[in-house]
Amino acid sequence: MSSPIHLKRGLAGFILALALALAVPVAAQAAPVNLATVSPFVALAGTTVTNTGPSVLNGDLGVAPGTAITGFGLPAVVNGATHENDAVAGQAQSDLTNAYNVAAGQPVAPADDLSGTNLGNRTLTAGAYRYTSGALLTGPLTLDAQGDPNAQFVFLIGAELTTESASSVVLINGASPCNVYWQVGSSATLGTTTAFEGNLMALTSISLDNGASVIGRVLARNGQISLINNVLTRPLCPTETTTTPTPPAGEPPNGTVPPGTPGTTPGTPGTAPGTPGTAPGAPGTTAPVRPTVANGGAGAAPKRGGPAGRTRVKKATHNGSATIRSAPRKACTDGFRATVLGHMIKAVVFSLDGKTMGSRTNSPFAMSVRATPGAHEVSARVTYTDATKAKTMTLPYRACAAAVLQPPQGPSQFTG
Amino acid sequence: MTHRTDDGPNPAGTRRWGSVLASALIVAAIGCAAVAAPAAATRIPASQPRAVLLHAHVARTGPNVHADAIESVAARRPLTRARTVLPVLGSASNRGSGSWLYVRLPGRPNGHKGWISTGRTRLSSTPWRILVKLSTRRVTVYRGGHVRRHFRAVVGKPSTPTPRGAFFIEEALSLSSYEAGGPFALATSARSNVLQEFDGGPGQIGIHGRNNLTGALGTAASHGCIRLGTHAITWLARRVGAGVPLTIIR
């Protein structure tokens with residue numbers, strides 16, 4: 001049995017603990033920010049969008065009311081639509097303004113005013129946070145949703161947002177880039193190799209330094225967006241619908257397989273429009289977020305012979321088809337990847353100059369070919385699961401001059 | 001509006017933390033686990049933008065024509081007359097002064113950089129990147145951000161050390177069989193900190209072979225150059241050209 005003194009001490013301790021608990025700053029709940037028609041965009045600017053190097057944009061690219069989009073020929077890739085001051089971009093800018101103002105109007109608790117502190121090396125829970133002037137991110141910023149997939153993070157930054165080189169935004173415990181909003185009162189600059197997440201809405205301009213990546217969106221209301229060798233990936237958010245490529249005539253939509261048709265339609269990994277998953281200089285490599293591809297991706301093809309995919313094949317049909325492609329088509333300095341696409345493919349045997357390189361019996365029916373000097377020929381012998389007659393396809397190629405450099409003669413004047 | 005995209009000097013005094021960014025560049029660019037810094041885990045960039053000079057350019061301290069001139073960069077390299085190719089570290093556009101590129105510059109002082117106008121340049125990129133680690137005397141070659149080859153090397157001896165820092169390949173050349181360092185050489189933008197000139201040259205650091213030279217691979221025995229075995233330098237010279245980033249670390 002406790003003595004009165006112990007009871008008093010216990011009560012005092014409880015009150016103290018309660019007071020301390022109440023003293024811990026609790027982030028104000030942030031209201032959802034509706035991007036509306038901005039959602040399909042991964043980059044939207046007011047005046048210009050300029051790019052240098054092999055940037056990859058997985059999502060739509062737009063500018064309005066400006067019209068200048070420069071630097072997006074190869075090696076840069078836009079896996080999405082481009083809108084140059086058209087009605088779509090104009091409406092998106094209008095919706096961006098609304099979203100920006102909604103974000104700017106979020107209530108912020110006094111304890112969540114982070115002005116004068118660095119965003120780096122800290123963990124924040126859901127809520128709205130304010131910087132009355134500029135904000136700097138050095139190192140990792142962790143956003144913890146604490147298991148709530150709808151947790152909203154809104155950052156209200158009065159002036160510029162700058163991230164140092166190699167900084168990052170890390171989302172944990174269910175946090176989604178769809179629910180992270182950065183409302184920047186002037187311009188934002190993401191330092192070299194920064195790994196950024198969330199919807200970056202800047203009043204003026206946004207600059208991404210060499211190698212910076214974004215899972216989210218970069219949205220500049222009045223100014224420009226400049227990119228250098230960046231990967232921007234628009235996240236697929238729960239309220240959005242995936243743009244599914246229209247299947248060719250006669251092909252079942254959305255991966256459904258009619259009876260008697262094995263799902264062996266291969267695709268080129270990571271190259272379908274609107275499909276995140278490509279990185280500069282490395283076609284087909286995986287990006288941080290890879291939403292499910294409804295149809296056409298190599299990984300989406302059911303594995304032949306598997307329990308779920310086992311279907312009875314009518315040997316009498318002649319529905320097999322195949323084409324052979326190479327990728328990349330221009331940059332052949334390091335060889336290329338020969339891929340056979342088609343239907344009802346059972347096996348593909350690849351040969352180089354008549355010498356067998358290997359065979360593939362599962363999708364993707366692809367093989368890497370080294371770029372060796374001179375003219376060569378890759379052949380692919382395709383057999384089918386039905387009665388389609390086997391055929392051999394050829395892919396002649398000549399390694400481009402850069403495949404093997406021939407340095408010119410010069411004098412040796414080095415220190416040795 | 002002016003924006004800067006890498007580790008250069010603050011052109012207008014509007015950018016904070018420039019010095020921190022500059023000091024972090026080497027580590028960030030290398031991303032090598034061997035570097036004792038928090039940024040060591042940084043991924044290797046998959047590619048490096050390059051600017052091919054179609055005409056001689058004046059490198060300046062800032063992205064405008066009124067900034068101080070650093071030097072004139074010739075359109076062609078002195079050894080092979082090949083076009084000058086410079087790694088691009090950033091860019092800027094001024095409403096009044098047009099577009100500018102922040103580039104590494106060849107020669108002394110080691111690792112210096114400057115702004116050149118985008119006019120009369122052609123932009124390209126390279127997936128290649130070379131890392132030299134002096135302590136282990138190894139050369140690592142990256143392509144697309146991934147390691148492609150490791151080579152053992154001869155590096156500079158203590159009295160004539162190989163300079164450390166971020167550089168690039170100026171030009172690649174083949175050497176005749178009677179010349180030292182054949183069969184190939186990659187002339188780098190690095191210069192010896194000890195030898196102001198050598199063999200009629202400007203003390204230029206090269207990555208070259210070992211023809212007519214002594215020194216075992218894996219030792220520190222050169223005058224500052226990085227010597228590779230014949231197979232290694234042949235492999236490298238057939239793939240790596242001008243403008244490829246070269247980073248030399250301890």
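Note that the structure is a prediction, hence the values are computed from the model and not measured. So that the names make sense, note that chain A is the first sequence line, chain B the second, and so on, each numbered from 1. All values below were derived from every heavy atom in this structure, side-chain atoms included, with hydrogens, water molecules and symmetry-related copies excluded.
Atom CZ of Arg122(A) sits in a crowded spot, with more than 12 heavy atoms from other residues, nucleotides or ligands closer than 6.0 Å.
Only the side chain of Ser192(B) comes within less than 4.5 Å of a heavy atom of chain A; its backbone N, CA, C and O stay farther away. Interface residue Val240(B): only backbone heavy atoms are found under 4.5 Å from chain A. Residue Leu175(B) touches chain A through both its backbone and its side chain, counting heavy-atom pairs closer than 4.5 Å. With a 4.5 angstrom heavy-atom cutoff, Gln204(B) touches chain A via backbone and side-chain atoms both. With a 4.5 angstrom heavy-atom cutoff, Ala187(B) touches chain A via backbone and side-chain atoms both. Ser125(B) touches chain A through its side chain: at least one heavy atom from C-beta onward sits under 4.5 Å away, while N, CA, C and O do not. For chain A, no part of Ser124(B) is nearby; none of its heavy atoms comes within less than 4.5 Å.
Atoms CG and CG, on Leu89(B) and Asp209(A) in that order, are 10.0 Å from each other to the nearest 0.5 Å. One finds the CZ atom of Phe184(B) at 9.5 Å from the CD atom of Gln409(A) (value rounded to the nearest 0.5 Å).
Pro49(B) has its side chain within reach of Asn210(A): a pair of non-hydrogen atoms, C-beta onward, lies under 4.5 Å apart. In this structure, Ser93(B) and Gln224(A) have side chains that are in contact, with non-hydrogen atoms separated by less than 4.5 Å. Under the 4.5 Å side-chain criterion, counting only non-hydrogen atoms from C-beta, Tyr102(B) is not in contact with Ile228(A).
Closest heavy-atom contact between Leu173(B) and Phe414(A): CD2-CZ, 3.9 Å. The two residues Pro407(A) and Ala237(B) have their closest heavy-atom pair at CG-O, 3.5 Å.
Ranked by heavy-atom pairs under 4.5 Å with chain A, the first of Cys225(B), Ala180(B), Gly241(B) is Cys225(B).
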